[in-house]
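Proteins get letters first, then strands, A, B, ... in listed order; numbering begins at 1 in each. What you see below is based on every heavy atom in this structure, not just the backbone, and it leaves out hydrogens, waters and symmetry mates.
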Amino acid sequence: MTLHFRVIFNNLDFLLEGLKMTFYISVFSLIIGFFIGLVVAFMRISKNKLFSSIAIAYVEFFRNTPFLVQLFFFYFGLPELGISTEPVTTAIIALGINNAAYNSEIIRAGIISINKGLVEGAESLGFTKFQIVRLIIIPNALRVTFKPLGSNFINLILTTSVAVSITANELMSNAMTLSSNTFRPFEIYLTILVLYCVLTFSLSGLIHFVDRKFISKGIS
Amino acid sequence: MEQYIFPKLTSYDALLLLKGMGMTITVTLLAIAIGLAIGFFIGLLRSLKIPVLSKLLLVYIEPIRNSPLVAQLFFAYYGIAMVTDFNPSAFQAAVWTLGINTSAFAAVIVDASIRSVEKGQWEAAYSLGMNYWKTFRLVIVPQAIRVFIPSFVGLCVNQLQVSSLVSLIGFVDLTRVGYMLTLRTYRPFLIWSIVAVLYFALSFPISKFARYAESRVKSYGKIG
Amino acid sequence: MRKVLIVLLILSVIFAGTVIGADKLDKILQDGKIVVGIALGGPPIGFRNEKNEPMGYDVDVATLIAEALGVELEIVEVTGATRIPMLMSDKIDLVIANMTANLERAKSVDFSMPYLRTGIKILVRTGSDIESIEDFNGRKVAIGRGTTGEALVKKMAPDTEFVYIEEFTNAILLLRQNKVEAAIEDGTLVDYMAGQYDEFTALPKLYTSDPIGIGVQKGNPDLLRWIDMFVSQFISTGQQAELYKKWWGVLPTAELAYIW
């Protein structure tokens, strides 16, 4: 058994290009996932029956079907309705929509956890409803949900690898291309596993640091 | 030239979809069994907080939880056989990779469930002359299981979803059947809709149960 | 790294099952079964019929080989990207997956004599302004991972936007959905699709002349020799021409050489 890690060094540029694409997809789907998640969370707790039913259906559907199937549906299925997107765009949209379902549940729990007295106090001070949401509910909910949302984001980064199935040319995709040209899957996939670990470990370190330093300060 | 494209869905396809669904259930159940067995063992060891061992176990748990299952599957199926004599079939690679993946998550749940029981209970049981196993079985498990079940059922739902990734190493599960049928029929919208509905039918009842179990735990906590 | 290797070594001892040293031919005859990797990504070379059974030229060749060996045939689906790794890692005994025999691949696998000859062609939507590979630059093209077409485009039109596919059939979907402007594959697949659908046109230019061979894992001279002899007789007896006519409706244009 001889190992040739040279194949990694010779093709480092190609792998780094994939890593860049993984970043790109992650960041954009993070943004989409957060905002849709926020909207769905508010719909879910809304007193309007229609809104809350839509939100429940959304969350249940996306949490109870595999992301891979969703991705194939978006990439190959939707064009039959005239909605055709490229692999990278498809990956970003599908990941964002999928992640939103998980985010919304966390945000909802965060909103519910807010002390009623805080809201009532703001009301008595003459805050408008919109001001209360913007200045009291969202900041407080985010404080509680920062860490769970952070682990969702890490999960999202790992899930970008599923985009290999529609060849978004991200890290996993490029690793597969490299493997099919060099026939060195052991070295390549081992390196990729380590790379993802480094990425997610440093990110969760960062999340913990930010949380401790800025977010949870003052909360026991 | 003859036409070799078959856009019509037939009873053969229904049968194939059922078979794929059966394979999805099989792989998921086996993986969960493996994951629970290994995960229970590791989680239990973690809960003992033995100084060096505890850290070593993290070396098992964390890389698995922090790398993508797709890469793990590709590594297990294509990679390992290239440099060793161990040559798993797609089925073996699917079951074992998903099983080991599950075990890392299960270990964390087991550990957290055991530690959710107050320390004082251990001490009280010891002072009554019970040994470790007796305390664990009679005092800790009945309480820890209430924390364990909702999280674990949630994990099962999640592993059912990600079991679809085994289709990427060519194993014929429900997702792979969907892929095969789109190649033959050129009707991806219809086929992926059907596949999504089938997964939903498998998954929704289980996640409903998880939600129910969770609410039971919460109300139990309030009463207690 | 060393720790990982030790763990793997231990695993390999525990799970060791394959006997090293014996020729694959012995193993096949002994097991009474041959495992063949076939790509089912495009008619008429390999595809599934309405009963979802594998069919096509490559499937027929594999069936004939199993019959001649007197063993059972097991088909494992492969793609352009996975066929060589799967052969190298012992997951299949043979690759009969429309694989071009070239010198680069021959470093990793052994090839039989050619049992088919074809060349790279381009498939576009009818009315497209693409006339040659050079026009690919800056455009999206469906290309099979690890295929001859991929290497060709990398060389001749490096600025192409690669949209990788595993099965040629998906190129048809992508072309139809305007996700790519062209697809590149062997003429045996491209011409067939252009013949099936008016919406697609095969560009006349043939870029390569590629021998398609059966892949055998290195270190199995007996099996390779047997397969070579099979292919030779497959051609000399007229079976090859007959099979070609069955799937493409015409006699093969390229002459194949035989020895026996």
- A:Tyr24, OH atom: more than 12 neighbouring heavy atoms under 6.0 Å: no
- Message: Measuring from atom CE of A:Met176 to atom CG of B:Leu168, what distance do you get when rounded to the nearest 0.5 angstrom?
- Response: 8.0 Å
- Using a cut-off of 6.0 Å, state whether more than 12 heavy atoms not belonging to A:Phe14 lie near its atom CZ. yes
- Item | Over 12 foreign heavy atoms within 6.0 Å of CZ, A:Phe23 | no
- Query: Is chain B contacted by the side chain of A:Ile192, its backbone, both, or neither, given a heavy-atom distance below 4.5 Å?
  - Reply: side chain
- Task: For residues B:Met82 and A:Phe183, report the shortest heavy-atom separation together with the two atoms involved.
- Result: CE-O, 3.4 Å
- Query: Which residues from residues 179-196 of chain B are near chain A, with near meaning under 4.5 Å between non-hydrogen atoms?
  - Reply: B:Tyr179, B:Tyr186, B:Arg187, B:Pro188, B:Phe189, B:Trp192, B:Ser193, B:Val195, B:Ala196
- Using non-hydrogen atoms only, which part of A:Val164 is less than 4.5 Å away from chain B: side chain, backbone, both, or neither? side chain
- Task: Please state whether the side chain, the backbone, both or neither of A:Leu81 comes within less than 4.5 Å of a heavy atom of chain B.
- Result: side chain
- Query: Who wins among A:Phe201, A:Tyr189, A:Phe76 for the most heavy-atom pairs under 4.5 Å with chain B?
  - Reply: A:Tyr189
- Against chain A, residues from residues 100-113 of chain B with at least one heavy atom under 4.5 Å, in numeric order, are none
- Using a heavy-atom cutoff of under 4.5 Å, enumerate the residues of residues 45-72 of chain A that contact chain B, numbered in order, or state 'none'. A:Glu60, A:Phe61, A:Arg63, A:Asn64, A:Thr65, A:Pro66, A:Leu68, A:Val69, A:Phe72
- Message: Just so I understand: if I count every heavy-atom pair under 4.5 Å between each of B:Leu160, B:Val197, B:Val157, B:Leu165 and chain A, which residue has the most?
- Response: B:Leu165
- Query: Counting only heavy atoms not in A:Arg6, do more than 12 sit closer than 6.0 Å to its CZ atom?
  - Reply: no
- For chain B, find its close neighbours in residues 147-161 of chain A: heavy-atom separation under 4.5 Å, sorted by number, or none. A:Ile154, A:Leu158, A:Ser161
- Message: Testing the basics here: between A:Pro185 and B:Tyr78, what is the closest heavy-atom pair and its distance to 0.1 Å?
- Response: CG-O, 3.5 Å
- Note on the structure: Minimal heavy-atom distance between A:Leu193 and B:Pro68, with the atoms involved, is CD2-O, 4.2 Å
- Heavy-atom neighbours of B:Phe200 CZ exceed 12 at 6.0 Å: yes
